[in-house]
K.L.:
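Pasting a structure here, questions to come.
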Amino acid sequence: MRRVVFLLLCTLLMLSCSTKHVSSPDGGIEVFFRLTDEGVPQYRAMQDGAPVIEWSAMGLVTAEQDLTQGFRVLRTERSSFSDRWETVWGEERWITDNHREWRVALQHTSGRRMDILFRVFDDGFAFRYVFPDADGPMIVMDEATEYRFARNHELWSIPWRTEYYEGIWRKSPVCNQPSAISGDTLCSPVTIERSDGGYMFIHEAALTDYPAQNLYTQDGALRTYLTPWMEKGKTTGIKAYVIAPFATPWRMVIMAHDLQEMVASRIMLNLNEPCRIDDTSWIKPMKFMGIWWGMHMKSMTWEQGPLHGATTENMTRYLRFAKAHGIDAVLAEGWNKGWEDWKHFSFTEPYDDWDMDYLSHLADSLGVQIIGHNETGGNAADYEEVLDEAYAYHQAHGIHVIKTGYVAPIIRTKDGLQWNKGQSGVRHYRKVIETAAKYRICIDNHEPVMPTGLQRTYPNLMSQEGVRGQEWNAWSADGGSPCEHVTVLPFTRIMAGPVDYTPGVFAFENPAMPQTRVHSTLANQLGLFVCLYSPLQMACDLPENYSKHPQAFAFIETVPCDWERSMLLDGKIGDFCVFARQERAGERWFIGGITDEQAREVTIPLEMLDTGKTYQATIYRDSDDADWQTNPYGLTIEQREVSSTDTLHLRMVSGGGLAIAIQP
Ligand code: NOJ
């Protein structure tokens with residue numbers, strides 16, 4: 001990866017605490033710091049001259065010390081940073097990192113040093129706690145970070161105990177959020193619709209050897225609740241075991257004037273460390289199909305038997321179909337022994353009806369990759385024991401991507417039963433990514449800890465679940481996700497990182513559960529390929545269902561999953577969104593739109609196209625009589641010559657959508 005550092009400006013060492021704030025490079029955001037008379041560290045943030053976050057508490061409580069008060073400022077240091085770096089893959093090829101940094105060096109009455117490191121960007125700010133001295137082990141019992149808003153805003157969130165983050169995001173005023181730590185405490189991230197019309201996105205970046213943050217309200221402020229350690233299956237008061245020198249993850253607030261600015265923010269990636277993998281040539285974004293939807297729809301099984309999905313014969317059919325349709329890879333779940341009891345999975349022993357040697361040679365000869373699957377049933381400890389063996393086996397069979405899984409609300413790590421987003425779980429996931437990198441294997445992690453931008457450092461961490469994905473539309477007793485669900489995700493879960501939602505259902509009947517189904521039209525399923533970003537994008541339905549709609553499938557064949565640039569053209573959280581993305585190192589543009597249960601017309605100016613050039617647009621839109629309930633298959637496909645001066649007016653029906661492929 002080529003990194004271009006343009007300039008590193010003036011580092012100013014200031015020996016007094018007279019400097020009280022730091023501004024973003026464009027001056028729009030100002031972050032203030034103060035110590036109260038009791039030595040309590042607090043920050044405050046303003047945007048365009050108006051307060052957005054009022055004086056809010058900072059600090060940690062350790063087993064030995066209360067590091068939320070009793071500080072004095074030793075000195076402050078400032079620097080400015082401007083960089084432009086190239087992503088290995090992503091929504092954007094080039095990312096600008098333009099920020100001011102401010103280190104406030106503090107000393108506690110106990111003598112312990114703690115610095116607060118601020119970074120302020122034009123679209124938000126972040127800070128972390130840094131323990132610069134080699135003080136040795138510390139036990140973190142609590143973190144005092146809070147976000148005290150100047151006004152009462154509306155907040156989108158899911159509760160922290162939502163299993164695997166697979167919940168429906170809901171909106172309600174900040175002051176109505178749970179006011180004590182409870183099952184309703186919120187997961188990070190949260191997205192805030194500000195009462196002044198702007199937006200905030202609060203999350204963490206670079207989660208490393210520390211528990212994931214959660215949030216709850218107290219006196220109208222959002223406060224931090226770190227995921228605790230468990231002891232013999234019970235929650236303890238301990239949050240983290242760290243060894244100083246040490247820095248916490250970044251606490252990050254995107255502050256945007258509109259939704260376009262919010263989704264375009266790359267603060268989280270900028271706060272993560274640069275890539276640690278020297279040669280990234282083996283890391284490739286891919287579209288894939290899979291022996292998968294059949295199991296969720298109950299027409300196939302994971303375990304061996306009469307309906308076994310992952311057989312040599314079935315996989316041969318999928319691989320040949322993928323080859324014929326330009327799909328890069330095929331996932332196979334249920335290829336390995338262990339599905340009978342979900343307790344003793346082997347990651348190197350296939351079932352008898354799966355011929356790994358034959359299939360890996362076939363895949364190689366077709367130029368289609370096999371995506372491996374390692375479901376652990378939540379037994380992370382046993383998985384760690386065999387990681388090297390498992391990855392060497394996959395590598396030897398030409399497998400460069402593995403979907404991992406941790407189905408168990410509480411996982412078993414080397415430290416016993418633990419929350420997967422506690423410190424022990426976070427350590428496990430990191431070990432998996434680092435070990436996989438040694439074997440040139442990319443990871444698509446299901447049941448993950450919420451992403452925090454680590455894909456910048458480890459681009460082999462390609463996609464993650466952590467979402468109520470398509471599979472819920474196969475078996476959820478509540479009938480499937482409401483139409484609105486997918487229109488919330490780009491502004492909430494996906495702000496935290498790529499999502500393996502698995503779009504592309506082409507058959508809306510559900511014989512196994514007739515009351516449950518995908519609340520969507522065909523055009524909506526196509527629009528998801530552009531709206532829900534993932535560098536590993538699954539076309540989740542069965543080959544036979546794609547064969548019934550070859551013209552619609554042509555969009556999936558052509559749409560890329562790696563982008564030069566991306567932009568939100570229009571949207572409202574929970575109502576609709578329209579995204580435009582330009583393929584990486586190419587000239588084609590792709591537009592996707594999705595709506596909730598409300599039909600609506602959207603206006604799409606094509607200003608992003610090169611001026612003076614003529615393009616051919618293939619438009620996939622809901623037919624006039626389409627409707628997710630009564631006629632989900634109603635799709636109209638049109639060809640149009642377009643240029644940058646054109647504006648399209650397209651209608652999406654209830655549960656509908658649109659997809660457009662534009663090529664010069
Ligand atoms: C849950 C995952 O989300 C799903 O994709 C997978 O098929 C099953 N676990 C089995 O591993």
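Ligands are counted one by one from 1 in listed order, and the atoms in each one are counted from 1 as well. Computation of the quantities below employed the complete heavy-atom set of this structure, encompassing side-chain atoms and omitting hydrogens, waters and symmetry-equivalent molecules.
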K.L.:
Test of understanding: with side chain to side chain contact (heavy atoms under 4.5 Å, CB included), list the residues that count as partners of P249, not counting sequence neighbours.
P.N.:
E204, L207, Y210, R251
K.L.:
Evaluate the ring planes of W339 and H373, with Trp represented by its six-membered ring, and classify them as parallel (under 30°), tilted (30 to 60°) or perpendicular (over 60°).
P.N.:
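Because their plane-to-plane angle is under 30°, the rings of W339 and H373 count as parallel.
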K.L.:
With a 4.0 Å heavy-atom cut-off, what residues sit around ligand 1?
P.N.:
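Protein residues near ligand 1 are W292, H296, W302, E333, W339, H373, E375, K403, V407, H446, E447, E465, E471.
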K.L.:
Can you list every pair that meets salt bridge (Lys or Arg N to Asp or Glu O under 4.0 Å) and has a residue in residues 544-557, with sequence neighbours left out?
P.N.:
R317-E544
K.L.:
Specify whether H394 and Y391 have parallel, tilted or perpendicular ring planes, treating 30° as the upper limit for parallel and 60° as the lower limit for perpendicular.
P.N.:
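Correct class here is perpendicular.
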K.L.:
Determine which pairs satisfy side chain to side chain donor-acceptor pair (under 3.5 Å) with at least one residue from residues 497-511, sequence neighbours left out, and list them in order.
P.N.:
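As it turns out, the side chain to side chain donor-acceptor pair (under 3.5 Å) pairs with a partner in residues 497-511, which skip direct neighbours, are H446-D500, E509-Y633.
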K.L.:
Test ring-ring contact (aromatic ring centres under 6.0 Å, His included) on Y406 and Y429 and set out the steps.
P.N.:
CA-CA 10 Å; Y406 297 85; Y429 292 121; 5.1 Å; yes
